[in-house]
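Below you'll find the structure, written out as structure tokens, and then a few comments.
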Amino acid sequence: MKIISYDTVVKEVSKLVAETNYNLPQDVRKGIEHQRERETIPLVASILDQIIENFHIASSDCLPLCQDTGIAVFFAEVGDNVSVDGDGLGSAINEGTRKGYRDGALRMSVVRDPLNRVNTGDNTPAVIHYTVIPGETLSLVFCPKGAGCENMSRTAMLNPGDGRDGVVNFILDTVRAADGKPCPPVIVGVGLGGDFEYSALLSKRALLRTLGSRHPDQFYADLETELLRKINELGIGPMGLGGDSTALDIFIETAPCHIASLPAAVNIQCHSARHGEIVF
């Protein structure tokens, strides 16, 4: 059994939380820069220039990419032969989150109760999704999720008869209704199958894929390509001010489902698509 120190997890999660809020992943940077290179509308080009300037300043000066530093979402892959000593993994992730948001001067965005609205003051508890895997590896992926894009996400229990066209219409309707609110150009995560809650989890996990990658199943790879074209044809554009750069990419994840169901979920991510990973 591999034992990982509680203090080590706290320290590394704290660093991950701060650094992820300061730095966009390279594929997202390149995706935005690519959109800028092909943009011909002056107003839209100037908006993309500001987005690019913003991520350069944030990285060089260790400043948050966005004032909304998000609710802390973690995807934990835990080897079945790994353990964290002391108070355990969940406690270590929350303590690291608490320390990272405080030391990194990041906005505390979590309230203790959805109706009473009292801020917890330390951006905990984190939302942690656990998956047990074979072996002695512990992987933590951190994804701070801001409300502007999260609030534009949707789930739907479609009828199996709605099929491919029903799914396409649901995705396009969701992006169209979101308009400029999630700060496009966005990344669109889609979860199909499973059940009500699992489709939503799939849609959020889809946002972690690398820009430009395609689904290993050619049917869904083609669907991703078609949907990316159709979303950009909506003309919403950067920050909702028009143009062809509405989405940087779209990713679809699937799972088996009940014969009478077609669960579908769309999780939208703003252009500030922050995520990072540590492996123990």
Side-chain angles (χ1 to χ4, degrees), residues 6-29 31-32 50-76 84 87 89-114 116-130 138-153 181-187 189 204-205 207-208 239 248 267-280:
Y6 175 91
D7 291 339
T8 297
V9 176
V10 171
K11 178 182 176 182
E12 294 302 319
V13 167
S14 173
K15 286 170 53 181
L16 178 68
V17 163
E19 291 174 0
T20 302
N21 268 293
Y22 302 153
N23 299 289
L24 277 184
Q26 283 300 318
D27 62 315
V28 180
R29 287 180 174 227
I32 295 171
Q50 291 173 48
I51 291 174
I52 292 169
E53 182 182 13
N54 179 67
F55 70 60
H56 282 303
I57 292 174
S59 180
S60 64
D61 296 355
C62 292
L63 294 171
L65 284 149
C66 176
Q67 52 82 26
D68 189 344
T69 53
I71 189 169
V73 179
F74 287 87
F75 292 92
V84 174
D87 291 334
L89 178 58
S91 176
I93 291 174
N94 276 303
E95 183 57 31
T97 299
R98 188 177 292 114
K99 180 175 170 50
Y101 272 81
R102 184 184 61 233
D103 295 351
L106 306 175
R107 194 183 80 178
M108 309 300 183
S109 303
V110 175
V111 294
R112 193 175 308 282
D113 182 276
N116 293 335
R117 315 300 296 181
V118 177
N119 199 301
T120 63
D122 58 12
N123 224 52
T124 66
V127 177
I128 309 171
H129 304 288
Y130 295 96
L138 168 61
S139 166
L140 299 177
V141 175
F142 169 61
C143 174
K145 202 67 168 63
C149 56
E150 189 77 348
N151 290 356
M152 297 298 105
S153 302
K181 297 183 184 70
C183 296
V186 297
I187 300 170
K204 184 161 288 184
R205 193 187 295 274
L207 296 174
L208 303 178
M239 311 308 283
L248 297 172
N267 194 248
I268 295 179
Q269 173 63 57
C270 67
H271 66 265
S272 193
R274 302 152 287 181
H275 54 87
E277 180 180 18
I278 48 176
V279 178
F280 298 88

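Every heavy atom of this structure was used, including side-chain atoms; hydrogens, water molecules and symmetry mates were not.
The two residues I57 and L63 have their closest heavy-atom pair at CG2-CD1, 4.3 Å. Nearest heavy atoms, G189 versus L207: N-CD2, 3.3 Å. Smallest separation of non-hydrogen atoms from S109 and G70: CB-O, 4.0 Å. Annotation for P144 and Y101: closest pair CB-OH, 3.9 Å, computed over non-hydrogen atoms. Taking all atoms of both residues into account, the shortest heavy-atom contact from I51 to P185 is CD1-CD, 4.2 Å.
Residues M239 and H271 are in side-chain contact: their nearest non-hydrogen atoms beyond the backbone lie under 4.5 Å apart. Residues P125 and N94 form a side-chain contact, since some pair of their non-hydrogen atoms from C-beta on lies under 4.5 Å apart. Using a 4.5 Å heavy-atom cutoff, the side chains of V13 and F142 are not in contact. Annotation: side chain of V17 is in contact with side chain of L106 (closest heavy-atom distance under 4.5 Å). Contact annotation: the side chain of V84 never approaches that of F280 to less than 4.5 Å [non-hydrogen atoms, C-beta and beyond]. Counting heavy atoms from C-beta outward, N267 and E150 have side chains that approach closer than 4.5 Å. With contacts defined as side-chain heavy-atom distances shorter than 4.5 Å, the pair R274/L24 qualifies. A 4.5 Å side-chain heavy-atom check between Y130 and L89 finds at least one atom pair inside the cut-off.
Residue Q67 qualifies as enclosed at atom CD: its count of foreign heavy atoms under 6.0 Å is above 12.
For the atom pair C270 SG and K181 NZ, the distance stands at 15.5 Å (nearest 0.5 Å). Note that CZ of R107 is 11.0 Å distant from CG of N21, once rounded to the nearest 0.5 Å. To the nearest 0.5 Å, the span separating CZ on R102 from OG1 on T124 amounts to 10.5 Å.
Judged purely by atom type and a 3.5 angstrom limit, S153 uses its side chain to pair as donor or acceptor with the backbone of I268. In terms of modelled atom types and a separation under 3.5 Å, the side chain of T97 and the main chain of I93 share a donor-acceptor contact.
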>> Working note: S91 + Y6, criterion side-chain hydrogen bond (donor to acceptor under 3.5 Å, both in side chains); need CA distance, chi angles, decisive distance, verdict.
In response: CA-CA 9 Å; S91 176; Y6 175 91; 3.2 Å; yes
